[in-house]
Amino acid sequence: MVSIKSEREIALMRDAGKILAEVHARLGEYVRPGISTYDVNAFGDKLIRKYHCVPNFLHYNGYPASICVSVNDEVVHGIPHRNHILKEGDIISLDAGLIYKGYHSDAARTHAVGKISPEAQKLMDVTKESFFRGIKMAKAGNHLNDICKTIDGYVTSFGYGVVRDLVGHGIGTKLHEDPQIPNFTMRRRGTRLRKGMTLAIEPMVNMGGWEVEWLEDDWTVVTADGSLSAHYENTILITDGEPEILTLL
């Protein structure tokens, strides 16, 4: 069942989103060649707790870290490790969330590690832009598939693959609420969007095909063909007009 948030709940989710936006900004500044993915996670965990919030990914269904750190062909849910050292030319996707006074926020960014290839930069740019194209359709009265097909159409026009095994979601007092939000065109119109819905929209885009595989740790998702992958996500609020992005500064 899709929840409609009250004004009190929306105010709390705005606060949760603003704090997460600050965390992501600091994480982006921290990323550089020579540090480990473990260092990134430790820095993010410390930031979240500094704001007197709880990292909502830590121990979620057994996930062992506060920040999902995914490098190059890792799509999502990469597990930080002391021995995984970032190199010049890598791209790194950071998926993070937190709980503030019982309400969740969720957002993801993909960053360049030092100087990267033009092809990698284009993948990151298209992934980010697909989010902003998609949420132009995130208006009360439209349907969920209006968002999905807009993201899909934009991404595939570049020959990239839209991940189909993982989707966005509703968010609120739980990290994952109804509805599920694919980044690819559905065969139905989907839920009608209403004022007060809070959604996590998160295109996951592969430079090659859309197919993915899970590693033996049962968490890390990688591209099946070894191509690079990028991820961009924000928590948004459906309003009477344009959607409000809760996790941007």
Side-chain angles (χ1 to χ4, degrees), residues 20-48 50 55 57-58 63-97 106-132 154-155 158-163 166 183 202-217 219-234 247-249:
L20 183 56
E22 295 278 0
V23 169
H24 264 297
R26 295 286 303 279
L27 279 168
E29 294 168 355
Y30 183 74
V31 167
R32 61 190 183 275
I35 63 173
S36 70
T37 56
Y38 179 92
D39 294 331
V40 175
N41 174 71
F43 183 72
D45 181 271
K46 184 178 180 180
L47 280 175
I48 290 170
K50 180 182 176 182
F57 291 178
L58 183 61
Y63 184 74
S66 298
I67 313 294
C68 294
V69 186
S70 308
V71 181
N72 293 334
D73 66 332
E74 296 173 349
V75 181
V76 286
H77 306 159
I79 296 177
H81 198 281
R82 293 182 186 274
N83 295 331
H84 193 163
I85 306 300
L86 298 180
K87 306 184 304 295
E88 183 92 14
D90 286 341
I91 63 172
I92 180 173
S93 296
L94 305 178
D95 193 355
D106 188 6
R109 307 283 187 265
T110 301
H111 300 283
V113 181
K115 185 176 182 180
I116 62 173
S117 70
E119 293 79 12
Q121 186 63 56
K122 181 179 177 181
L123 174 69
M124 290 167 51
D125 293 344
V126 168
T127 302
K128 182 176 180 178
E129 178 63 19
S130 73
F131 166 85
F132 288 100
Y154 182 74
V155 168
F158 292 89
Y160 296 148
V162 178
V163 174
L166 302 143
N183 299 298
E202 51 177 321
M204 290 158 273
V205 179
N206 300 341
M207 189 177 286
W210 61 264
E211 296 87 353
V212 298
E213 297 174 350
W214 271 254
L215 298 186
E216 289 184 359
D217 60 25
W219 276 108
T220 308
V221 181
V222 298
T223 58
D225 57 13
S227 63
L228 295 179
S229 187
H231 186 194
Y232 189 83
E233 174 186 21
N234 282 299
T247 47
L248 278 184
L249 293 178

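The basis for the numbers below is simple: all heavy atoms, side chains too, and nothing from hydrogens, waters or symmetry mates.
Remark: side-chain polar atoms of Asn183 are not paired, donor with acceptor, to backbone N or O of Val162 under 3.5 angstrom. For the pair Arg109 (side chain) and Glu233 (backbone), a donor-acceptor distance under 3.5 Å is present. Checking side-chain atoms of Ser66 against main-chain N and O of Leu58 turns up no donor-acceptor pair under 3.5 Å. Between the side chain of Glu88 and the main chain of Lys115, a donor-acceptor pair closer than 3.5 Å is present. Counting only distance, with no hydrogens or angles, the side chain of Asn206 and the backbone of Ser229 share no donor-acceptor pair below 3.5 Å.
Using a 4.5 Å cut-off on side-chain heavy atoms (C-beta onward), Val31 and Leu94 make contact. Residues Ile79 and Pro64 have side chains in contact (heavy-atom distance under 4.5 Å, counting atoms from C-beta outward). Within the 4.5 Å cutoff, no side-chain heavy atoms of Asp45 are placed close to those of Ile67. You'll find the side chain of Ile92 stays beyond 4.5 Å of the side chain of Thr110, heavy atoms only. Taking 4.5 Å as the limit, every side-chain heavy atom of His231 sits out of range of all side-chain heavy atoms of Thr127. Put simply, the side chain of Glu202 does not reach to within 4.5 Å of the side chain of Tyr232, judged on heavy atoms. Between Thr37 and Val71, the closest side-chain pair of non-hydrogen atoms falls below 4.5 Å. Side-chain atoms of Val221 and Met204, non-hydrogen and from C-beta on, never get closer than 4.5 Å to each other.
Classified by interplanar angle (parallel below 30°, tilted 30° to 60°, perpendicular above 60°), the ring pair Tyr160/Phe158 is parallel.
Applying the side chain to side chain donor-acceptor pair (under 3.5 Å) criterion to Asp73, with sequence neighbours excluded, gives no partner residue.
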Step-by-step side chain to side chain contact (heavy atoms under 4.5 Å, CB included) determination, Ile35 to Tyr30: CA-CA 9 Å; Ile35 63 173; Tyr30 183 74; 3.6 Å; yes

Before giving the answer on side chain to side chain contact (heavy atoms under 4.5 Å, CB included), spell out for Lys50 and Glu22 the whole-Å C-alpha distance, their side-chain angles and the decisive distance to 0.1 Å. CA-CA 11 Å; Lys50 180 182 176 182; Glu22 295 278 0; over 6 Å; no

His77/Thr220 under side chain to side chain contact (heavy atoms under 4.5 Å, CB included): CA gap, chis, key distance, verdict: CA-CA 5 Å; His77 306 159; Thr220 308; 5.7 Å; no

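Remark: Tyr38 OH is loosely packed, at most 12 non-hydrogen atoms of other residues, nucleotides or ligands lying under 6.0 Å away.
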